[in-house]
Structures are given as C-alpha cells and as structure tokens.
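Before any comments, here is the structure.
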Amino acid sequence: MTVTVPGTEFTDTSAAAGPTEAAGAAEALRPHAEDTFADELSALAAADDRPRPARWRLSPWAVATYLLGGTLPDGTVITPKYVGPRRIVEVAVTTLATDRALLLLGVPGTAKTWVSEHLAAAVSGDSTLLVQGTAGTPEEAIRYGWNYAQLLAHGPSRDALVPSPVMRAMTDGMTARVEELTRIPADVQDTLITILSEKTLPIPELGEEAQAVRGFNLIATANDRDRGVNELSSALRRRFNTVVLPLPATPEDEVDIVSRRVAQIGRSLELPELPEGVEEIRRVVTVFRELREGVTGDGRTKLKSPSGTLSTAEAISVVTGGLALAAHFGDGVLRAGDVAAGILGAVVRDPAADRVIWQEYLETVVRERDGWKDFYRSCREVTA
Amino acid sequence: MTGDPRARAEGPLLLGVRHHGPGSARAVRAALEACTPSAVLIEGPPEADAIVRLAAEKDMRPPVALLAHAADDPGRAGFWPLAGFSPEWAAIQWALANEVPVRFIDLPAANSLAMSAKQTPAGAPAPAALPDPAGSPTPAGPSTPPAPLDPVGPLDPVDPGDQAAPGGAGSAERLRVDPLSVLAEVAGYDDPERWWEDVIEHRGTGGAEAFAAVAEAMEALRAEYGHGGHEDDAVREAHMRLRLREARREFGDEVAVVCGAWHVPALGERTTATADRKLLKGLPKVKAEISWVPWTHRRLARHSGYGAGITSPGWYDHLFHAPDRPVERWLTKVAGLLRDEDFAVSSAHVIEAVRLAETLAAMRGRPLAGLAETLDAVRAVMCEGSDVPMALVWDRLVVGDVLGEVPESAPAAPLQRDLTRTQRSLRLKPEALERELELDLRKETDAGRSRLLHRLRLLGVDWGSPAVSRGSTGTFRETWRLRWEPELSVRVAEAGVWGTTVLSAATAKAETEARSAKGLAEVTELAERCLLGALSGALPVVMRSLADRAALDADVGHLAQALPALVRSVRYGDVRGTDTAALGEVAVGLAERILVGLPPACVGLDADGAAEMRGHMEAVHRAIGLLSETETEPGTGTERGTGPETGAQPEPEAGTGREPETGAEAELGTEPETETRSEPETETRPEPETWPAAETRPRIHTRTAGAGAAGAGAADGLRGRWAAMLRSLAGRDGTPATPGLIRGRAARLLLDDARLAEDEAARLMGLALSPGTEPPEAASWIEGFIGGGAGGGMLLVHDERLLGLVDRWLISVPAEAFTDVLPLLRRTFSAYDTGVRRTLGELVRRGPAAEGHSGGQGAPAAPGFGPGLDAHRAAAVVPTVRLLLGLDPAPYGNDTMEAAR
C-alpha cells in the first residue's frame, strides 16, 4: 500500500513488501538508512544482550553505538554515523526510551535530519514514517485523511480512512518523524499535542480513537535560526525534550566536511575536480567560524556576529560557487577573488548592520593576518 | 609493608579520603562515630593545631581556608581550603564536638613555604608549598597528591600561570603517574573523577570496607609505581609518621588519621623513627604565621584560577547536605532557580527531568544519576536545549555563591601586616587627622606612596582621596587628602579575601572587576586606575576585557567615549614608566572600530544627536592625534599645524627627559626671555590660546621604547585613514543623510591639521552655503565649521575670504528663514572671545569694498571687504611694541606712550 503525504512518498514496509523493497533499494538514488546499514544493524542486534524497551529493535546502548560507531565483540566495525558529542546522542536515545518526544534543534547543516533518520532506523528498523513539514502541511498529514471514493461508496469506516505516518506509528508502536516542525502552521502543529500527551488520536467521525501502543515515539527536527518560522506553542514545547545539535567543533572537522561535500556536489554538477583550493576552503571556513562564534580562531579578539546563520551548508555553497566561477571564468584555480563575493553575500544579510560588522572584521582581523593580503584586497574590492 | 589487614585493625584507624569528596566526608563521620578514637589526626600544617578550636565557634562558617604565610613576606603563602563537605572539616567538627584532641600531621608550613621558595628562586612568590597540586590533571583525586588540602598556590595572582600549574614548570619533565586514572581505566571509565564518584561517593556511607578497599588499591598502585613522581611525598609522609608515633604515645593506639588516600599505604609502612628523622633533617625553614581566612565556593572551583581542584562545589555541598533523594532535590532546586529567573518551569518538567536523568544513568551504566546526567536532563527538559539558562544553573548552583565566615578572634590577616610594612617603608603613617599630601611622582618614594594609595582605593580602602593639585596641572604631580578612619581597618580585613599583599589583592580585585564590568567605560576607567596603581599584573585581564567589550559594543558613541581615557592612560603610563605597549595596541584597535563605525553612525541624526556626535568626533580626533604622537617619534609633531597657530605646536626636543619646563619654553619662545624667566610659576602660566589640536601638545616628551616599537606604523596609518574618513564625511552632500554640523566639523578638523587646502575649504563652504541648501542646514554647517570656542573666530579673522562667504550667505538668507537661523548663529558667534567678536565686527563694519576708498597701507583688501588698517589707530600700539622689544622708544612723542598705557 502506498500512501502519499505532501512532500514525501513512502512505501509500506509490512512483511509482504520484502523482496520488491530490496530491489527498489538497489535502484534508489538514495537508499534508506536501514537498508544501507542493514548489516551493521543485524550485527548489533545479534551482539546486543541488554534490555530493550518494548518494540525496540535494539537496546538504547546499541542505538547509541550504532550512531557513534564502535567495534563489537565479534569484530564487526560499526561506522560512526554522527560525529559529535557523545552526550547529545545519549540524551537523544534516552529520550526516545522515555515517553517524551524528541526535538532536534539546530542551524541548517547540522545533520538533524540525518540523525533523526538513523535514530528511527535503529530504534524501529524503519525510517520512513515521515511527515515533511512545510508551510502548506495540512492537519491530515499528521492525523488521517479519507479515501473519498471509499467514503462515498461505503460511508465512513476504517476502510475509508487513510492513516497518516504518525497514526501508523502509533498503532504499530514505531518511531514517527516530523521534519521541519517549525515550518508547519501553528494550528496544525498543535494537532500533535493530544498525540504526545494523551498518546491517542480521536477519530470523531467514527466515534473511535487510535491509541498508541508501547514503542511509539516521535522525532521532530526544527531550525532555530531561520526567519519566518512558526514558533512552537509552549504547550507543545513542553511535550518535547530538546537536543541542540552543535556546529562542527573544530575547524579541521569543518574543513573536512566542506571539502568532502564540495567534491561531491562538484562531481554531480560536472565541475572540474577540486584543484589545489584547499587553502581557500580553509579561509572560507575560518571566516565563517570566526564570525559565527564571535571570536577569532586564536581566541584573542572578540567579534560581532552578523545576522546570517553562516552555517557549514552556506560555506559549502560559497565554495561551490567560487569553484564554478574559477572553472568558467577564471584559471581553474580557486582564488580569493572567486569566493569573496560569495562570502560577502553570505555575511551581509542586513545591509546596514552587517556591512559595518563585515568591514570591522576586515579591518581589525583580516588586514593584519599573515598571508591573507590577497584575500583582504579581494574582499575590499567587492565590499567597496 | 603492611599487607596484613589485622595489623591495621589493631593500630590507628587510617581513613584515606578524597579531598572535598562529600561521600568521603559522610564515611569519615560515620567511621569516627563508630570507633570514637582518642584523637583525630588530619593532613594539614601542624601550626594550625593552635587555631583549630576556632573551627567550633559559631561565627565560623565554611568554606574557609587555613592560610599560612611567611612572617616577613605575606606574599609567600599557602592555602588549605576546607568546605562544609570536606572530610577533613567533618573530622574537625566531630572531634571538637566530642572534645577529642585534633592534631595536624603534614609537613609544617614553615618548611613547605621555605621549600617552595627554594624551588622558585626567581621569587614568583611561593607557588604551592610542595610541587604539584592544582595543575595536575585530576586534582581532586585521592592519589594525585591530594590537591585540595595541599597548599594550593599563592593568593597572588600576579602570574596566573603559577596557579595553573604550580611547580609544573619545574617538574614537567618528571614522570607523572596519575594513579586514579589508572584505576579508572582498569574499571573501564574514561573520566577518573566519574569513576571515583560511582565507586565511592555515590555509595552512601561506604563504611569501613570502602576505606579498606581504597587503601588496598592505593597500596597496589604504590607498589607498582613507587612515589609516582611525587618526590616530596617521602618527606611529608615521614613527617606524618613521626607525628602519628607521637600521637600514639600520647593518646594510645586508638587514634584516627584522616588523610588523602594516596598516603594511606605510607602511613601503614613500618619504618624506624630514626630513618624518618633523617629524611626530615636539614629542611629549609622560614618563620610562618597561620590563620583562618574566609573562602568561597567559586574559589574552590577549578576554573577560577585558584584551583583548589573541584569543579562543582555546589553540587557536592548538595550531595552532602541532602538527607535523601539527592537527584529529586537537586532538580527541584534547579527548577526553583529557573523560576526565580522567570523561566516557565513546572513540576511536570521536574518529573520529566528526573526520569530522563535516571534513564540516562541506567544507559550509561551508573549506579545513580550524577551531575552530568542531571545537567543533561535539565538542558533537554527545562532549558529547551539552550545554553543560556544552563550557564546560570552552573554559576549559581553547581558552583554556588557561598562565602565563608571567620570569627573575629582569628589572627590578623596578612594583608594588614603587608600594609603596615609598606606604610613603614614609605614613611606614611595612618593618622586620623586629615592632611594634604603633595607627591612628586618623579621621586621614588612619592611614586611608591601614590601607588599604594591608588591600590588601596581600588580595594575600597579610601584612606586617601585625590584632591585637585594646587597650581600645577602637570601629570607628574599628585595631591592627596589623607585621613585614616577606624573603620578602614575593617575594610582592610574585608579586602583580605582578595590576597595577602596590597599588590596581589588589588590585582585580584581589578581582574575580577574587569571580568564582571558591565560597560566599556567602566573597564576603561579600571584600566586607568590599574595604571595609576602600577598593577601591571592585572593589565592583561583588563585589556582583554576592554578589547572584548569594545568588539561587542555596537554604539560608536560608547567607543568614542572610551578612547580618550584609554589614550590618556597610554600617556600616564609614559610618565610612570609603565610598559603600555599592550594598552596602545588596544587603543589602536578601538580607534579602528570607531573608524569603521563612525560614517554610518553619522547618518540621519537629529540636532541633539549631531551635537553629541560632533563631541565624539572631536574627542576621537584628539585621541588619535595623541595616539600617533605617542607611538611615533616626536618629529611628527611638525607635520601638522600650518594653521593659524603654528606657534603653539611643540618643536621636537632632543631627548629631554621629564623636564616640564622645556615644553613651556617652546611654546613661549616668541616672548622675550627675561620676561619668562622672571615669572615664578612658569608651568602654571595660562597657556596661550589653545584650540583643539593644540591640546594634544605633549607636555612631556618621554620616549618609551616599548610603546614606540609597538605598532608605530599602525598608528601612523591610522591617522591617515582617519583623515580620509573625515574627508569623505566633509565631502558628503546628501542633505538628509549627514547633518551639516558634522560635515562642517569634519572640514574644520581637516583644515586645522593642514590636510585640507584652504581653497578646498572655501569650496566646501561655498557648497554648504550655496542657495540650494536650506538655511538651517547651512547654519548648522557654519556652527560645525567655525563654532566651538575662539579658534573658529580666529579663522574668520585671518581668512577674510571665508568671512566673506559667510557674510554673503547671511545677506542672502530670506527674511522668513532668518528667525530659524538666528539662534544657531548666535550660539556659534557668542562663544567667541570678546576680542575676536570685536575684530570680526570691525571687519564686517568696514563692509563690502567701496570703490573709491583706499587705505594706502598697501594691504590688499580681502575680497568683499574694504581695505585694511586704520593707520592712525594702529600706530598707537607701536611704541609699546618697541618698548617690549627693547628698542628705542623715541619715534613718537610721550603722549602716545601715555595713550598706549
């Protein structure tokens, strides 16, 4: 049975779908986490002798190991899915084991969706019970809809009801996911309150209710820096334990992430191979980190932070843009001039305040820095 | 070796503890109650035997510290902090309540202080008495030589590095074994402190078997690693054994020993008294004094720099005092705090947090939720993942704001002794009678007195208050009004928490104030006071805080207010011979920020805002001029000042030291020498007419090599960029954007610095006063350009072309606009001196050039005005001038001489 909810299509993973699903996974552009890492999950399940909450595929400890990586007693190596503080993963997993829902917060590009997908895959073996939050997400996407042909033909009945992923997770005791919760209009968001506090979903049309069985929980992700989001009501907020996913901890990590992603994107855009531009990437990452954190890399000078988010994702797009510029209009080598305009665009979001912050940064930090002369000049050029 | 547990059971009761461990404290209390020993021996300096009874007094409230210091040098000191949850404190309290004698058995402070002095011959006042404590990786461990109880480094923050790793410098190469982390690793823990907490602290009252187990583990470790790199332990333990023997002779075998777990095996060792005495022979010794001083939780916390070695005294305090259900009580406490701070936290939150913390602990395989679990739960449940309320929780609860108290009968604090000593050496007696004190900072003693008074003021001991110097405005003179009030002694005692010497206390206080200061101006003032008190140790922190606040302050006005004081400080530093290189750097940085922020800040201001901004602009202009002068060679003084008052500019003087007269001489150089010399008070002479740029004239040329080297180029370039910025301001034309006042002022400042040609100035004025400009806007330009004191008037007197422009504009102002313009103009012109106003009036009265009239003096008439001088009136002055110049007073008759007088 295939049910379509706005933004996402998903496949029923009930027993019958087995073989076709496997074939689909091989063909898929991006297979689900539980398919990609099926080996690791089964090895973990085999090695895991700790108590498991009802309907969990793994114990909380094994779920944390699945995300953070490690080596099992039988020698199976579990690759780390999330590189970051252990504490965060532990709190997230533990939250799912209680009856509170989990809210993953963070600026764009901090692997919120990634973490939520892997959590669902490890806990319930299924990461596809997903509601994608948009400004147009209707209540039906969270509660249930109707199959109108059935409804007209046979009147309201369970058969005419089209359950939402959340409702299915409730009845099956699985983990549901809501992406971009804060993009969903506030009145639709509040539909979740009853589900999360009473663990039930009334169906007044039928005079029935769908009660959640043990094992049900919900992971939501939300962006805490973007403008134009719908703040969660405090009633809803109280139903969640909040975990904030941090930005990469060290410059090295971030440079690594940026260059890897840039290389991937570059290939799919058929840009030339990443040339000797790593130095430029390092500079972009340094500028982004320093402005974001409000302090220079050596920790000696404080800075004002501009209004933009300056996330890793934006650094990636600045470098990709610079790379395209260098390939098509430059000499193929990524230079300061190629990224300067991109950086300016990313930093200066508010033309008045951010421009001052950017100039201050240029004059007090960049100008004096050894080996950054060309960068300073290019930035001055585009800023003036 | 004493592998045999029976031997120990019969002998003294050895209680190996983790310093500042609440679990250990409970266990010690329980063990003492169970065994009721005849005496309690505690690891600590034996000098404290005499004052231990004070611990039972009502006014004594932990946290407190035993403070030992060398009698002749209070700066050399060691601390043994005790919190309410310290096992040692629990043992002392039990013993005093049960009237059981207490003895301290560690090496005497007299020796340890002397040993530390020997180890740091450079004289950084005594770090820890024994190498090691606070800097070791796990200072709170029982086996890293018991950090907390050991002297924890000086309360002398001159060199913070000392506290970070006392003894570390000398012993870094030595093999360091951290036995606790070895044990933790064996148990599969990555954090040794957590291991200790799980195994000992969280097990309630572990009872005798816990002590036995710890002792056994330590014995195994010591068998493996020997002294583990703590060489001085042998001496200390020898002393402990000797004291233990003495105690057993005196009180019998039923004595209890409370010491760091690491020492337990050594105390059980069978050695001869002779061997131990031999180890102790020939130890250096100083005369040491000991006292109780109040302590704070913050200082117990590792990150405060004093490093007693625990990160979470508040949590430990809670664990020790909570009768039951520590996690529930703790989270309720957190919720209470958050509620007080207006965070919406309900009981449901507390319930959820407790559940999350317990589930987390279970998942991490811990017996009980610890600090890490509860904080994770608080963050996820109560704080919505935010770090801001978490910081609050950490600061108020985990560390806690507890301040200890010490009864008045405690021996005098070392700060008082240091003050008395300094007063004696500076021959400055505290007298109740008010008197005035004139200090000449060029003299060593006077400079020392000034420093002392400034430092005391910083400490809140207002013995002297600065008075306005009589007669002199030189920076090398200071006048104080002194008066010693009895309550100042109390203040000194209070200031004792900051340090053991006036210098160290003032430094510590300045650093703390710098960290907690709210605004930029506050820190700037603090920097000034630090320089006055020569607290060079505090300067890095203050500068850091200053730079941070400057970076985050978005209001150019605040920055502009801070800069002048800062630049002044750079100059004070010069006078006092302080190295101000760092200060100069910060000042340049601040100026850079102003440079970037000023142009956008000048947009869209109302009249009041514009006036304020003009003030800022002038102040910054002066400061930048002064900054460049300080930082570059004095020769640059000549590059500016081709304005009308070149005479007031200093000539560069070759290497004159701190002779104020030279400056005065240069400026009075155009007058006959005899006149000048006969004046008794050369320096107090009213200065010739000054205008903004002239005020930057350095009175004293001191060349501090350090300051000169640091960023001389930066400062010079800064001046150029500042001028460029002013030029762009002056050249702006959009009327709504930048007020005329600002543009006019920018033009004027440039003109004064000879960075704007006079033609160009005239062009700008023409533009500003052209018919296209609204009259009020033009009037405000005029106010900016020629307003503000006498200088502007002189400008008009000297450059009649400018006067002509003003004149023509004024005539063209339409009648209906005139009433709007009038107040502005009145404000501008009424500020001029009477003489200037009169001259201007005369110039204007001569009016537009009449064709036929010719003065015949040869002076070409200024455009728009009639020709020059009234020859007859001018002639009247000539005799006086001749007289002054010492020429023959003949040419005119006596009558004119009379008239001239």
Side-chain angles (χ1 to χ4, degrees), chain A residues 50-51 53 59-64 85-88 90-100 102-106 197 222 224 232 234 237-246 294-296 299-305 351-353 355-365 367-368, chain B residues 190 344-346 348-349 351-365 372-373 375-377 379-387 390 543-554 556 586 588-601 603 711 714 717-718 721:
Chain A
R50 303 184 186 218
S59 71
W61 169 83
V63 174
R86 178 171 200 98
R87 182 183 65 75
I88 281 179
E90 285 178 346
V91 172
V93 176
T94 311
T95 297
L96 290 178
T98 68
D99 57 1
R100 300 257 293 179
L102 173 66
L103 176 61
L104 297 172
L105 269 185
S197 60
D224 61 349
L232 297 188
S234 59
R237 193 120 212 199
R238 270 210 310 278
R239 268 73 191 186
F240 284 103
N241 280 356
T242 316
V243 170
V244 177
L245 296 178
V295 63
T296 54
R300 293 184 51 191
T301 315
K302 281 213 179 168
L303 304 164
K304 293 190 193 78
S305 285
R355 185 170 290 271
V356 172
I357 291 171
W358 172 239
Q359 279 180 342
E360 213 176 276
Y361 177 71
L362 276 184
E363 295 300 330
T364 53
V365 177
R367 192 159 60 85
E368 324 255 280
Chain B
D190 49 355
V345 176
S346 63
H349 279 113
I351 296 169
E352 291 301 337
V354 171
R355 289 181 53 201
L356 183 61
E358 282 173 355
T359 321
L360 260 179
M363 176 170 155
R364 290 175 182 169
E373 283 76 30
L375 288 186
D376 282 346
R379 189 197 308 268
V381 179
M382 296 185 194
C383 302
E384 298 177 351
S386 162
D387 280 334
M390 279 312 285
M543 286 300 110
R544 173 89 200 231
S545 152
L546 185 60
D548 285 356
R549 273 167 189 72
L552 296 181
D553 205 320
V556 174
V586 173
V588 170
L590 199 60
E592 293 273 9
R593 288 180 198 288
I594 296 173
L595 205 55
V596 173
L598 195 66
V603 173
L718 183 69
R721 283 203 301 282

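Letters A, B, ... are given to chains in the order of the sequence lines, protein chains preceding strands, and every chain is numbered from 1. This structure is a prediction, so every number in the text was calculated from the model and none was measured. Side chains are part of it too, since the values below use all heavy atoms of this structure and drop only hydrogens, waters and symmetry mates.
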Non-hydrogen side-chain atoms of [X] and [Y] separated by less than 4.5 Å:
| X | Y | value |
| --- | --- | --- |
| A/D99 | B/E352 | yes |
| B/M363 | A/V93 | yes |
| A/R355 | B/P600 | no |

Closest approach of [X] and [Y], non-hydrogen atoms and distance?
| X | Y | answer |
| --- | --- | --- |
| A/V356 | B/V596 | O-CG1, 3.8 Å |
| A/A97 | B/T359 | CB-CG2, 4.5 Å |
| B/G589 | A/T364 | O-CG2, 4.5 Å |
| A/T98 | B/R355 | CB-NH2, 4.0 Å |

- Residue A/R367 versus chain B: region with a heavy atom under 4.5 Å: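 Interface part for A/R367: side chain.
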- Message: Which atoms of A/R100 are under 4.5 Å from chain B, going by heavy atoms: the side chain, the backbone, both sets, or neither?
- Response: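 The side chain, not the backbone.
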- Any chance you could measure A/E363, atom CD, to B/R593, atom CZ, to the nearest 0.5 Å?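 Interatomic distance, A/E363 CD to B/R593 CZ, rounded to 0.5 Å: 11.0 Å.
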- Atom pair CG (B/L356) and OG1 (A/T94), whose distance is rounded to the nearest 0.5 Å: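 These two atoms lie 6.0 Å from each other.
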- Query: Which residue out of A/L102, A/V295, A/N241 racks up the most heavy-atom pairs below 4.5 Å with chain B?
  - Reply: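 Option with the greatest count: A/N241.
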- Using non-hydrogen atoms and a 4.5 Å limit, figure out which bit of B/R379 sits close to chain A: side chain, backbone, both or neither.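 Both backbone and side chain.
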- Region of B/E384 in contact with chain A, defined by heavy-atom distances below 4.5 Å: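 Answer is both: backbone and side chain atoms of B/E384 are under 4.5 Å from chain A.
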- Heavy-atom pairs under 4.5 Å with chain A, option from B/C383, B/A547, B/A380, B/P599 with the top count: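 Looking at each option in turn, the highest pair count goes to B/A380.
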